[in-house]
Each structure stands twice: as C-alpha cells, then as structure tokens.
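In the text below, chain A, chain B and the rest are named by the order of the sequence lines, each starting its count at 1. Because the structure is predicted, anything quoted here is derived from the model rather than measured. Basis for what follows: all heavy atoms, side chains included, without hydrogens, waters or symmetry-related copies.
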There are 2 protein chains.
Amino acid sequence: MPPSAPSPRSRIRRLPERAHYDAATVAAIVDAAMICTVAFQIDGMVHAIPTIHWREGDHLYIHGAKASRMLKALTEGEACVTIALADGLVLARSAMHHSMNYRSVVIYGRFELVTDPAHKLGSLRAFVDGLYPGRWDTLRPITDKELNATGLLRIALSEAAAKVRDWGVKDDAEDLDWPVWAGVIPLHTVAGEPMTEADSVVEEVPLTRFD
Amino acid sequence: MPPSAPSPRSRIRRLPERAHYDAATVAAIVDAAMICTVAFQIDGMVHAIPTIHWREGDHLYIHGAKASRMLKALTEGEACVTIALADGLVLARSAMHHSMNYRSVVIYGRFELVTDPAHKLGSLRAFVDGLYPGRWDTLRPITDKELNATGLLRIALSEAAAKVRDWGVKDDAEDLDWPVWAGVIPLHTVAGEPMTEADSVVEEVPLTRFD
Ligand SMILES: Cc1cc2nc3c(=O)[nH]c(=O)nc-3n(C[C@H](O)[C@H](O)[C@H](O)COP(=O)(O)OP(=O)(O)OC[C@H]3O[C@@H](n4cnc5c(N)ncnc54)[C@H](O)[C@@H]3O)c2cc1C
Ligand SMILES: Cc1cc2nc3c(=O)[nH]c(=O)nc-3n(C[C@H](O)[C@H](O)[C@H](O)COP(=O)(O)OP(=O)(O)OC[C@H]3O[C@@H](n4cnc5c(N)ncnc54)[C@H](O)[C@@H]3O)c2cc1C
Ligand code: HEM
Ligand code: HEM
C-alpha cells in the first residue's frame with residue numbers, strides 16, 4: 001500500500017517514491033534541522049522568512065518579537081513551513097541524472113499564539129536546552145519584560161509531507177561505462193572553533209547539539 | 001545615509017542595522033548558498049518549495065521538470081525566494097540575547113521561463129560547472145530529449161534585501177559578569193568522504209565547490 005498524504009495539497013506528485021507521511025519521519029527531519037522558512041500572505045502578496053524552529057510533541061515552534069510583522073501575519077492566515085537539509089551531492093555520468101541527497105518537510109496549517117506564561121516559559125527553556133543541554137538554569141534568569149516582548153507561535157505537524165533522497169547514483173543503463181567519476185559526496189554541518197568573548201568570565205565551552 | 005531598499009515591501013524593518021541592499025552583498029550570499037526556498041501562490045493558497053539555485057549576472061536560476069506544478073505556477077504569478085545560511089551559534093548570558101550569526105536574502109519578483117535552447121544549454125553548463133569545475137565536458141553529452149523535459153526559470157535580483165548578523169555577543173551591560181560562557185560557535189558545511197559507485201569506471205573524485 002502506498003503511503004497516504006494527510007491532505008490533497010500535501011500529496012507529493014513529482015517522484016512520489018520519495019514521499020513519507022508518517023509522523024516519525026517528519027519529526028526526525030524537523031529535529032535534525034535548526035532553521036525553516038515560513039511562507040505567508042499579507043494583502044494577497046506572498047512572503048517567506050527564515051526562522052529558527054524547534055519541536056515539542058506534535059508541534060513546530062517559532063519565536064520572535066511580539067511586535068513583528070511576521071508573527072502578526074501568521075496569526076491571521078495560513079502558512080506553509082519548509083525545511084530542507086542538503087545531505088549530499090550526487091554526481092552521475094549524464095548531466096540530467098546529477099542530483100542531491102536531501103531530507104525535506106513541507107507543512108501546511110495555521111499558527112496559533114502561545115499566550116499562557118507557563119507554557120511560554122517552558123517552551124523557551126526547551127528551545128535553549130535543546131540547543132545547549134542544561135544551559136537555561138545557568139543563565140541570568142529571564143525577566144517578565146523579556147517574556148512579554150517575545151512572541152511564541154506553534155503549528156501542528158498534522159498536515160505535513162516529507163520527501164527524502166538517500167541513495168546512490170541512478171544513471172541510464174547504457175551510460176554506466178562512461179569514463180567519468182560517479183558517486184555521492186556527503187555534506188555535513190559541523191561546529192568550528194568556539195570564539196570566547198573577551199569579557200566572558202567562564203572559559204569552558206558548553207556542549208551543543210552539534211557536538 | 002542609511003542604505004535604501006529597492007521597494008517598500010523589501011525594506012527591512014526589524015533590526016534594520018542588519019540590512020544590506022547592494023547588489024554585491026546580495027550576489028555573494030546567493031553564491032554562497034546552494035539551495036533556496038521558492039514561495040508562490042496557487043488559487044490563493046501559499047506554497048513554499050526547496051530547490052537548488054545558481055546565479056548568472058543579475059539573475060537567480062532554478063531548474064526542474066517542465067511539467068512540474070512549481071514551474072508552471074511560477075510563470076503565472078509572483079514569487080518570494082528565500083536564502084538562509086546559518087553561520088554561527090551566539091551564546092549570551094541571558095536567554096533572550098542568544099542568537100545566530102547568519103546571512104540571508106529575500107527576493108521578490110516574477111520568474112521568467114528561459115526557452116532559447118542556446119541560453120538553456122549554456123545555463124545548465126554553468127550550473128554543473130559551477131558545482132564541479134570542468135565537469136560538463138566530461139559527461140555523456142546531453143540529449144535534446146533531456147533538454148526538452150527540463151524547465152529553466154530565472155528571476156531578477158533587482159528587488160532583493162540581504163540581512164546579516166556577523167558579530168559577537170550583545171549582552172546587557174549589567175549581565176557581563178554573569179558566570180556562564182559567552183561566545184560564538186561557528187557553523188560550517190563540509191564535504192565528507194566521497195562514496196564512489198561500485199560500477200564507476202573512474203576512481204578519481206572531481207573537485208567540488210566545497211573543496
Ligand atoms: C535540497 C533540495 C533541493 C532540491 N532541488 C530541486 C531542483 O533543483 N529542482 C527541482 O525540480 N526540484 C528540486 N527539489 C525537489 C523540490 O523540493 C520539489 O519536490 C519538486 O520541485 C517538485 O515540486 P512541485 O511543487 O512541482 O511538487 P508536487 O509534488 O506537485 O508538490 C505537491 C505537494 O507535495 C509536497 N512536497 C513537494 N515537494 C516537497 C519536498 N521537497 N518536501 C516535502 N514535501 C514536498 C508539498 O506538500 C506540495 O504541496 C529539491 C528538494 C530539496 C530538498
Ligand atoms: C538563520 C536565521 C534564523 C533566524 N531566526 C529568527 C528567529 O528565531 N526569530 C525571529 O524573530 N527572527 C529570526 N530571523 C530573522 C527573520 O528572518 C526576520 O528578519 C525577522 O523575523 C523579522 O521578520 P519580519 O517579517 O517581521 O520582518 P520585516 O523587517 O518587517 O520584513 C520586511 C522585509 O524585510 C526583508 N527581510 C526580512 N527578513 C529578512 C531576512 N532575514 N533576510 C533578508 N531580507 C529580510 C523582506 O523583504 C521583508 O519583506 C532569522 C534569520 C535567519 C537568517
Ligand atoms: C549538478 C547538476 C544538477 C543537480 C545537482 C540537480 C539536482 C536536481 C534535484 C535535487 C532535483 C529534484 C528531484 C526531486 O524532485 O526529488 C532535480 C530535478 C530535475 N532535474 Fe536536475 N540537477 C542537476 C542538473 C540537471 C541538468 C543538467 C538537467 C537537464 C538535463 C536536469 C534536469 C532535471 C529535471 C528534468 C528534474 C525534474 C525531475 C522530476 O521532477 O521528474 N538536472 N535536479
Ligand atoms: C538559544 C536560544 C535562542 C536563539 C538561538 C535565538 C535566536 C534569535 C534570532 C536569530 C533572532 C532574529 C533576530 C533578527 O531579526 O535578526 C531572534 C529574535 C528574537 N528573540 Fe531569540 N533566540 C533565542 C532565545 C530567545 C529567548 C529565550 C527569548 C525570550 C526572552 C528570545 C527573544 C527574542 C525576541 C524578542 C526576538 C525579536 C528581536 C526583534 O526582532 O526585535 N530569544 N532570536
């Protein structure tokens with residue numbers, strides 16, 4: 001049985017053999033990525049803005065200034081959230097069969113504002129500790145003023161599709177002996193040498209999710 | 001004099017000190033990134049799809065199946081193209097001053113179809129050779145059928161804004177001696193160990209733009 005999409009608009013039509021609609025695959029890609037692009041409309045015009053995200057259960061969360069245009073627009077209409085991870089370069093014998101390995105997710109729906117202070121606080125903690133395990137409790141405590149200036153939004157992962165390519169080169173059979181290198185070059189995101197602020201009173205660099 | 005935006009909708013309002021509107025900054029970010037997200041509308045609904053891009057002069061190019069929904073929709077209405085590079089994790093003494101270093105571009109406009117066969121061919125060659133210098137001439141030559149199945153679109157970089165954060169930690173003055181590490185952890189995309197196809201007749205791995 002082919003996997004089934006959660007809605008007509010999220011059914012993958014091009015290369016549907018790369019489609020996944022199960023919650024576990026979607027969640028794993030959301031977690032593996034740190035940034036997404038949020039597309040929305042204002043007065044019939046389309047906008048798309050890059051933002052950090054994190055996941056709690058069946059929702060993707062974003063944050064920003066309560067006063068920002070994006071956060072306001074998102075409470076007023078539908079959005080499309082896109083996540084893409086570039087995992088590898090695929091080099092084929094023919095130009096057209098060049099490709100990339102990737103993991104991506106497209107989510108449709110409507111964001112809802114998180115207003116309950118305890119929920120907000122808990123989510124921001126999960127956000128910080130998700131990037132830097134245990135860091136929240138070591139920070140200068142957050143103030144009510146800071147919490148009030150911050151807008152927190154979440155969107156359900158219920159109407160989401162994932163598309164994944166994670167295999168080798170697919171060349172036409174008659175091209176296999178063409179004298180050119182064929183293969184996959186993986187791509188990774190890695191953390192570089194930490195740059196401690198001159199006035200940091202602590203020298204020991206915290207763990208991050210990239211370690 | 002503050003830099004001036006090419007249009008009202010592309011003027012950066014949040015943290016405008018991070019704004020750049022000059023063609024050189026926009027082009028450098030477009031070139032540094034390999035993938036973008038293209039947002040567009042169909043019947044008043046918003047969609048955003050990740051795609052590879054490349055640049056030639058004042059245009060950003062994308063490619064795909066001529067028959068694809070995205071390519072068709074893009075010739076019929078306006079688009080918003082978003083590029084985001086995550087350059088570093090910024091760890092502050094307070095939760096709220098945590099941030100990222102990044103380079104991003106948002107482009108508004110309308111894609112145009114590239115139909116002239118010589119232009120199409122030249123652009124696809126620039127695409128492949130831009131990723132893998134000199135590779136085009138070593139490949140099994142492209143066929144008319146392949147060229148015909150491929151759709152090529154470009155959008156002018158004239159209505160674009162860039163937003164960049166590339167500095168250290170900005171904490172509140174009274175927090176500077178808080179006993180927690182403060183600094184920036186750079187992020188990089190690197191190429192891993194190439195995986196040669198079992199049936200590749202050539203062993204020598206080509207250069208890529210990630211070398
Ligand atoms: C890193 C990366 C690079 C890519 N480069 C290219 C490229 O250069 N050229 C190209 O043609 N395509 C590229 N793709 C694939 C691209 O994202 C689209 O899947 C494809 O272009 C078909 O788009 P469509 O709107 O016509 O698809 P359709 O299959 O008609 O889309 C229908 C629905 O399927 C879902 N869907 C579509 N694409 C995705 C996706 N990627 N992830 C999750 N759900 C999806 C959405 O819900 C969408 O509304 C790339 C994808 C990734 C992740
Ligand atoms: C990697 C990354 C992570 C980010 N994480 C967050 C986050 O977690 N929370 C958050 O609030 N913001 C984040 N930002 C900034 C975000 O992209 C927006 O700039 C910000 O949210 C303000 O959005 P707005 O629509 O309210 O901006 P406005 O300033 O009102 O936007 C007006 C116009 O400015 C231009 N513009 C806006 N943002 C950008 C941009 N990033 N690049 C180029 N042009 C732009 C567009 O043309 C837009 O139409 C992040 C940016 C990047 C690149
Ligand atoms: C290094 C160069 C290239 C790379 C990295 C590349 C990458 C990709 C990727 C990632 C896709 C998306 C497939 C999907 O939907 O999952 C794609 C689609 C496509 N590419 Fe390329 N490509 C390259 C060169 C070319 C060339 C030169 C041609 C022209 C002959 C071409 C023709 C196509 C077509 C027709 C599709 C649509 C496939 C479909 O939706 O049915 N590509 N390409
Ligand atoms: C590790 C955790 C965090 C990271 C990586 C982070 C990152 C960011 C980034 C990149 C921006 C975009 C700034 C821009 O527009 O250029 C931003 C905006 C913002 N963040 Fe955070 N943030 C974090 C935690 C928090 C917390 C805990 C709060 C709540 C107190 C907060 C409040 C805000 C606010 C209010 C803005 C809007 C700034 C403005 O547009 O004026 N952030 N954050």
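With a 4.5 angstrom heavy-atom cutoff, A:Ser104 touches chain B only via side-chain atoms. For A:Ile42, no part sits under 4.5 Å from any heavy atom of chain B, backbone or side chain. In this structure, the portions of A:Ala67 lying under 4.5 Å from any heavy atom of chain B include both its backbone and its side chain. Contacts of B:Tyr108 with chain A are made by side-chain atoms alone, with heavy-atom separations under 4.5 Å and no backbone atom involved. Contact annotation for A:Ser94: both backbone and side-chain heavy atoms come within less than 4.5 Å of a heavy atom of chain B. Looking at A:Tyr132, only its side chain comes within 4.5 Å of chain B, counting heavy atoms on both sides. For chain B, the nearby parts of A:Val169 are the backbone and the side chain; heavy atoms of each come within less than 4.5 Å. Looking at A:Asp175, the atoms closer than 4.5 Å to chain B (heavy atoms on both sides) all sit in the side chain, from C-beta outward. For a residue to count as touching a neighbouring chain, one of its non-hydrogen atoms must lie under 4.5 Å from one of that chain's; by this rule B:Leu89 touches chain A with backbone and side chain alike. Of the two parts of A:Met45, the backbone and the side chain both hold a non-hydrogen atom closer than 4.5 Å to a non-hydrogen atom of chain B. Looking at B:Thr37, the atoms closer than 4.5 Å to chain A (heavy atoms on both sides) all sit in the side chain, from C-beta outward. Heavy-atom distances place both the backbone and the side chain of A:Leu187 under 4.5 Å from chain B. With a threshold of 4.5 angstrom between heavy atoms, B:Arg135 approaches chain A through side-chain atoms but not through N, CA, C or O. Heavy-atom distances place both the backbone and the side chain of B:His47 under 4.5 Å from chain A. Contacts between B:Val106 and chain A at a heavy-atom distance below 4.5 Å involve the side chain alone, from C-beta outward. With a 4.5 Å cut-off on non-hydrogen atoms, B:Thr143 does not touch chain A at all.
When each of A:Arg13, A:Glu78, A:Glu204 is checked for heavy-atom pairs under 4.5 Å with chain B, A:Glu204 comes out on top. With chain B as partner, the option from A:Ala182, A:Ala198, A:Gly183 having the largest number of non-hydrogen pairs under 4.5 angstrom is A:Ala182.
Applying the side-chain contact (heavy atoms from CB on, under 4.5 Å) criterion to A:Ala156, with sequence neighbours excluded, gives A:His59, A:Ser158.
Ion pair A:Arg140/B:Asp172 flagged as a salt bridge, since at least one NZ, NE, NH1 or NH2 atom sits closer than 4.0 Å to an Asp/Glu carboxylate oxygen. Between B:Arg93 and A:Asp199 a salt bridge is recorded (basic side-chain N to carboxylate O distance below 4.0 Å).
Across A:Thr138, A:Val201, A:Val202, a single residue satisfies side-chain contact (heavy atoms from CB on, under 4.5 Å) together with B:Trp181, and that is A:Val202. Screening A:Leu91, A:Val184, A:Ile185 for a side-chain contact (heavy atoms from CB on, under 4.5 Å) involving B:Pro194 leaves a single residue, A:Ile185.
Among all heavy-atom pairs drawn from B:Thr82 and A:Ala48, the shortest one is OG1-O, 2.8 Å. Taking both residues in full, the closest heavy atoms of B:Glu197 and A:Gly168 are given as OE2-CA, 3.4 Å, listed atom of the first, atom of the second, then distance.
You'll find the side chain of B:Pro186 reaches within 4.5 Å of the side chain of A:Met195, heavy atoms only. By the 4.5 Å heavy-atom criterion applied to side chains, B:Thr189 and A:His188 are not counted as neighbours.
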